[in-house]
Amino acid sequence: MEYNFKEIESNWQKYWAANKTFAAKDGGDKPKYYVLDMFPYPSGAGLHVGHPLGYIASDIVARYKRHKGFNVLHPMGYDSFGLPAEQYAIQTGQHPKITTEQNIARYREQLDKIGFSFDWDREVRTSNPEYYKWTQWIFIQIFNSWYNKSTNKAEPIETLIKVFETKGFNCKLDDTLTGDIEKDLEPFTGEEWKAFDEKKKSDILMNFRLAYLGESFVNWCPQLGTVLANDEIKDGVSERGGYPVERKLMKQWSMRITAYAQRLLDGLDTLDWTESLKEAQRNWIGKSEGTSLKFKVQGSENSIEVFTTRPDTVFGVSFVTLAPEHELVESLTTTENKAAVEAYVTQAKNRSERERQADINKITGVFTGSYVEHPFTGKQVPIWIGDYVLAGYGTGAVMAVPAHDSRDYSFAKHFGLPILEVVAGSTNGTLSEVEGSYDAKEGKLINSDFLNGLEVKDAMKKAIAEIEAKGLGKGKVNFRLRDAVFGRQRYWGEPIPVYYKNDIPYALNENELPLVLPEVDKYLPTEDGEPPLARAAASWKHEGKYDYEHSTMPGWAGSSWYFLRYMDATNGSEFASKKLSDYWQQVDLYIGGSEHATGHLLYVRFWTKFLKDLGYIAIDEPAKKLINQGMIGGTSELMKQFIINREEIEKYNSISKEIIIKKEGKEIKRLDIGNGSEHCHVYLSIDSGLDIEFFDKENKSPIKTELFQENRAKVKYVMNSVLNIDEWIADEPYYAGSILITDEGYWTKHEYFDFTENKIQNISFKTKPVVEKMSKRWNNVVNPDDICEKFGADTLRLYEMFLGPLEQSKPWNTNGITGVQGFLKKLWRLFYMSPSGGGAQRAGEDSSNALNVTNDEPTKGELKTLHKTIKKITEDIERFSFNTSISNFMICVNELTDAKCNKRAILEPLLVCLSPYAPHIAEELWKQLGHTESISTAAFPDFNEAYLVDDNVNYPVSFNGKVKFTLELAATLTTQEVEAIVRANEQTAKYLDGKEPKKVIVVHKKIVNMVV
RNA sequence: GCCCCGGUGGUGGAAUUGGUAGACACGCAGGACUUAAAAUCCUGUGUCUUCGCGGACGUACGGGUUCAAGUCCCGUCUGGGGUACCA
């Protein structure tokens, strides 16, 4: 019987669905294991072959863990709110819900064909009101919470109100609250608080809420009509669509993720994530320790506070720089500098992110005309304004130490400001006119009064102590991490569950949820720039009269807690019951792309910590172990094409032409191509040495011919860089008029010829593979469906794993896939050996039609093969090395084929080992062996060391580290005995050449090395 | 610039703790079967050298540690990813 993967695969996919084979049980005796794939956004393009890479890996682990006796949760769902569906809705007027549903249906169809063991009963969609009800609910919890620095966790806002009522507020909380807007708060007493009106109370509390409405600079994208988070911008343009982004001051909903900065940083140490990913998060959080320091403005009551990480260099300050947006800019500017400063500030503020990035090396700035006093020397220090100082970081002002900071250095050089050296580094005290600054935190302090002679580290401590003692500032930690902008001026997202009464935002009550996304007539902003939700019917108001919030939540809202929803996907009264979240705990294995490093993976950690603080869940981190699967690139197949010179092509439109094929300058063939004005596609195999020339038949003159190499054949029709011409033409009749030429002959009008006009069977037309991004544009997109159709899902699964290590990026090509399919066929034949011949199929011999598996006792060799395989596969899965396990299966089947082994005692356990990788064929053969239950219920075979023990060891014998020959010796021999035997060996004598070895090293059961 | 990860045959890659470098697979060459093709099977395949036995070289490059280095250390080159006036 033939291995008929199509029938087998569709049968088993139906069986699994009908029997809910992979439904997870919520409890029981088995230990739990939670394997999760990163939430896919169902895009209109469907899945290409790169997407399922991680899903296959996680599916293997899920199936393996089931065999190992775990209760496995392996769910899948859709992050189904998002920009592309909305952009499509704007263009076509079709509701994004419809597009989204179609895309999901397509995704599902593709996923099903690959045979994943997802528990589809738990599917979630973020755009489903049953789901986003709880996203809104969590938002309300965050809104109703503040971060208590003394308990170091989030608490209900009521506890803060209690504090205000009893003690009031003395402004001392401000350095513990890291949001951008609480700075301006005035102190108040408990009595005063009680007397405040509701608006005032609301405004004050807004400074503490973890979800808050605040005015801040945002990344505004006019083309998309919305704000974007930092991680949604790449190179100064929007990640989706590539539109320019500008800075804009806006009132916005934000999340106070900065309150969690330290915990997000500390938590990384407890996670088994890749170092590079953790490093990316650390950089993004960007902790820096330093000190604040006040500089008194001369002739004014004001002082400028700066943040510095180098208090040791305070004696090297030669000027102070303010960000253009700094609040003191106006008051510090002297009359004579006013015009220049105003012009500069206006220009700097209007520069978009993109422009700032583009001329990063362009140094700009302006002098205010004012001075501060140096806090220690009392000398006057000029105040400058420069856009290299960011308003949003630290205090928006820096003390410039050009000798020891490269940015200050360039600024000083550009404007001719003094450079004062205070750390003797590599230049040893003679820097002044040397190129560049000395930024290293090493060396002894000079020219620095009480710091002189100290090492940088000690000088820092002493400087901070002195600054604090003088009341000029204090030690401080700063984070680069910004609060996350939460509002989006878009339609296709979760409505923010807030309404406004007398200009005060109120959260909805839980029983009012979900706040369902209203219908609108258009998905565009209104004429006066309000978000699309402002188009909702006039009746869409809270209690019929109060406006709802018009912005919606960002894409990351729904994905920040979805892993919890899978635990209890249909719960109507809670986001997930405590009982079930306690049972399922953390995700044990999370697989997804590294592009989520500073977005999703930071937000999901933030929300997890928040929910834990309020006692809703027991875990502090969402995923214990995380693997980033590598990107799959595309392989394009370039065709070598000859065309008429582009400038002259018009001229030859109606002239009858032919092409001349030349070999080593000599003409070997002429082919008539008629007088059509359409392009004649003339292609030459990439490995050919022939030359092609167009020829004008009417004027009997050659036509200027060019080589063109931009055309890409659809990769679907190319295997090992050989184009399947017949398939290609059948699918793309546009190319039917082409001429394809190789050294063996040519193809034209659906027939093959050699150069003497004889019809031939085929030619091997070669294309040139180049690695590019997988994209429709390059004709190199490969769909998993096509591969499943042609080779089967099991082959696809194995091949994706066989390509290389999961975490490594690699281009897709289908070259090796036949080897993987060959392996499955070979496995199949072990079960269907012809009773007469057995093993290797002789040429022309049919495989047996009946299953032919015996109950004979396996030999020692067969057992060794099996147990070696069990051992390796187990080790490989445990360390997520899937490519090597495929190799090991191949070795196993090769050995069993050589041994002509068709014994049940060997083949049965082998099937269980293989079933996580190639589940369909394993199920089918398992059933044929007489089992009535799914193979997924079988226990993973135990590996028995006893079968692997060899009687003999093949010792490589080396001389000075170079292996010369091997000796098979009994494993029981001691190292001394081995040495004696090797010394006595006649081959040894040859290499020793009569000399006595200086030293002999024998590593037991490993190697012998003689030093001569 | 800074941070992270890589560099092994014609190709994808293997070598888990320093112990026979190139497993497994593709491709290629030759052969078997076939009217032919497909499918399948067998043999060979790192480079150089030799008729052959064999020998020499070989994991980006240059050094080092070691009886022994793809693996550890130092320096250089190079590819990919992240990030960037964050004081």
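This structure is a prediction, so every number in the text was calculated from the model and none was measured. A, B, ... follow the sequence lines: proteins, then strands. Residue 1 opens every chain.
Rounded to a whole Å, the CE atom of A/Met719 is 13 Å from the C1' atom of B/A25. Computed from coordinates, the A/Met631 CE to B/G6 C1' distance equals 17 Å when rounded to whole Å. The distance between atom NZ of A/Lys871 and atom P of B/U16, rounded to the nearest whole Å, is 13 Å. Atom-to-atom, NZ of A/Lys759 to P of B/A37 comes out at 18 Å; the value is rounded to the nearest Å. Rounded to whole angstrom, the span from the CG atom of A/Asn954 across to the P atom of B/G19 amounts to 17 Å. Rounded to a whole Å, the CZ atom of A/Phe791 is 12 Å from the P atom of B/C26. The distance between atom CZ of A/Phe880 and atom P of B/U16, rounded to the nearest whole Å, is 18 Å. We find that CD1 of A/Ile760 is positioned 22 Å from P of B/U35, with the value rounded to whole Å.
Residues A/Glu751 and A/Lys759 are paired through a salt bridge, judged by an N-O separation under 4.0 Å between the basic side chain and the carboxylate. The residues A/Arg983 and A/Glu979 are annotated as salt-bridged, a charged nitrogen and a carboxylate oxygen being separated by less than 4.0 angstrom. With salt bridges taken as basic N to acidic carboxylate O contacts below 4.0 Å, one links A/Arg282 and A/Glu279. For A/Lys278 and A/Asp272, the salt-bridge test fails: no basic side-chain N is under 4.0 Å from an acidic carboxylate O.
If you check B/C3, B/U40, B/U20 against the side chain of A/Val963, the one that comes closest is B/U20. When distances run from any side-chain atom of A/Ile891 to the nucleotides B/U20, B/U16, B/A23, the shortest one goes to B/A23. Of the candidate nucleotides B/U83, B/U16, B/U20, B/U83 has the atom nearest to the side chain of A/Thr598. Taking the side chain of A/Lys825 as heavy atoms from C-beta on, and the options B/G27, B/A87, B/A39, the nearest nucleotide is B/A39. Taking the side chain of A/Arg480 as heavy atoms from C-beta on, and the options B/U83, B/G27, B/A87, the nearest nucleotide is B/U83.
One side chain, A/Asp726 or A/Tyr752, offers a donor N or O that lies under 3.5 Å from an acceptor on the other. Looking at A/Asn628 and A/Ser594, their side chains never bring a donor and an acceptor atom within 3.5 Å of each other. A donor-acceptor contact under 3.5 angstrom links the side chains of A/Thr364 and A/Tyr344, judged on distance only. A donor-acceptor pair shorter than 3.5 Å cannot be found between the side chains of A/Ser288 and A/Asn478.
Comparing A/Arg310 and A/Gly816 by the nucleotide of RNA chain B whose heavy atom lies nearest to each, the residue mapping closer to the 5' end is A/Gly816. Between A/Leu481 and A/Asp898, the residue anchored closer to the 5' end of RNA chain B is A/Asp898, taking for each the nucleotide with the nearest heavy atom.
You'll find the ring centres of A/Phe415 and A/Trp384 inside the 6.0 Å limit. Residues A/Phe315 and A/His374 bring their aromatic ring centres within 6.0 Å.
Remark: RNA chain B forms stems of 3 or more consecutive Watson-Crick or G-U wobble pairs, all pair distances under 3.5 Å, at B:1-7 with B:77-83, B:10-12 with B:24-26, B:27-32 with B:40-45, B:46-49 with B:54-57, B:60-64 with B:72-76.
At B/A87, one or more side-chain N or O atoms of A/Ser288 fall inside 4.0 Å of OP1 or OP2 (strictly under the cut-off). Contact annotation: A/Asn628 side-chain N/O to B/G81 OP1/OP2 distance is not under 4.0 Å. Look at A/Arg282 and you won't find any side-chain N or O under 4.0 angstrom from OP1 or OP2 of B/G82.
The gap from the P atom of B/G52 to that of B/G63 amounts to 33 Å, rounded to the nearest Å. The same atom, C1', is picked in B/C72 and in B/C2; the two are 26 Å apart, to the nearest Å. A distance of about 13 Å separates the P atoms of B/G18 and B/A69, rounded to the whole Å. Taking the C1' atom of each, B/U8 and B/C61 are spaced 15 Å apart, rounded to whole Å. Of the P atoms belonging to B/G44 and B/A23, the separation is 12 Å, rounded to the nearest Å. Only the P atoms considered, B/U45 is 27 Å distant from B/A37, to the nearest whole Å. B/A87 sits 49 Å from B/U20 when the P atoms are compared, rounded to a whole Å. Comparing the C1' positions of B/G9 and B/C28 gives a spacing of 13 Å, expressed to the nearest Å.
For residues 885-895 of chain A, the salt bridge (charged side-chain N to carboxylate O under 4.0 Å, His left out) pairs, not counting sequence neighbours, are A/Lys868-A/Glu895.
Between A/Trp828 and A/Tyr3, the angle of the ring planes lies from 30° to 60°, which puts this pair in the tilted group. Ring-plane geometry between A/Tyr799 and A/Trp812 is classed as perpendicular, the angle between the planes exceeding 60 degrees on a 0 to 90 degree scale with a lower cut at 30. Using bins of under 30°, 30° to 60° and over 60° for the plane-to-plane angle, the ring pair A/Tyr917/A/Phe882 lands in the perpendicular bin.
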Atom pairs under 3.5 Å, N or O on each side, protein against nucleotides 8-14 of chain B: can you list them with distances?
from: B/G12; atom 1: O2'; to: A/Leu803; atom 2: O; distance (Å): 2.6
from: B/G13; atom 1: OP1; to: A/Gln808; atom 2: NE2; distance (Å): 3.0
from: B/G13; atom 1: O3'; to: A/Asn883; atom 2: ND2; distance (Å): 3.3
from: B/A14; atom 1: OP1; to: A/Asn883; atom 2: ND2; distance (Å): 2.9

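Listed by chain and number, the residues in a side chain to side chain donor-acceptor pair (under 3.5 Å) with A/Asn960 amount to none (sequence neighbours excluded).
Contacts of residues 272-279 of chain A with RNA chain B (heavy atom under 4.0 Å): A/Ser276, A/Glu279.
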Contact state string [nucleotides 58-72 of chain B, B base, S sugar-phosphate only, - no protein heavy atom under 4.0 Å] = ---------BS----
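Among the heavy atoms of the strands lying under 4.0 Å from A/Asn894 are primed sugar atoms or P, OP1, OP2 only; no base atom is included.
Taking the syn range as angles within 90° of 0, the glycosidic angle of B/G9 is syn.
Residue A/His414 comes nearest to A/Ile363 through the heavy atom pair CE1-O, 3.5 Å, listed as atom of the first residue, atom of the second, then distance.
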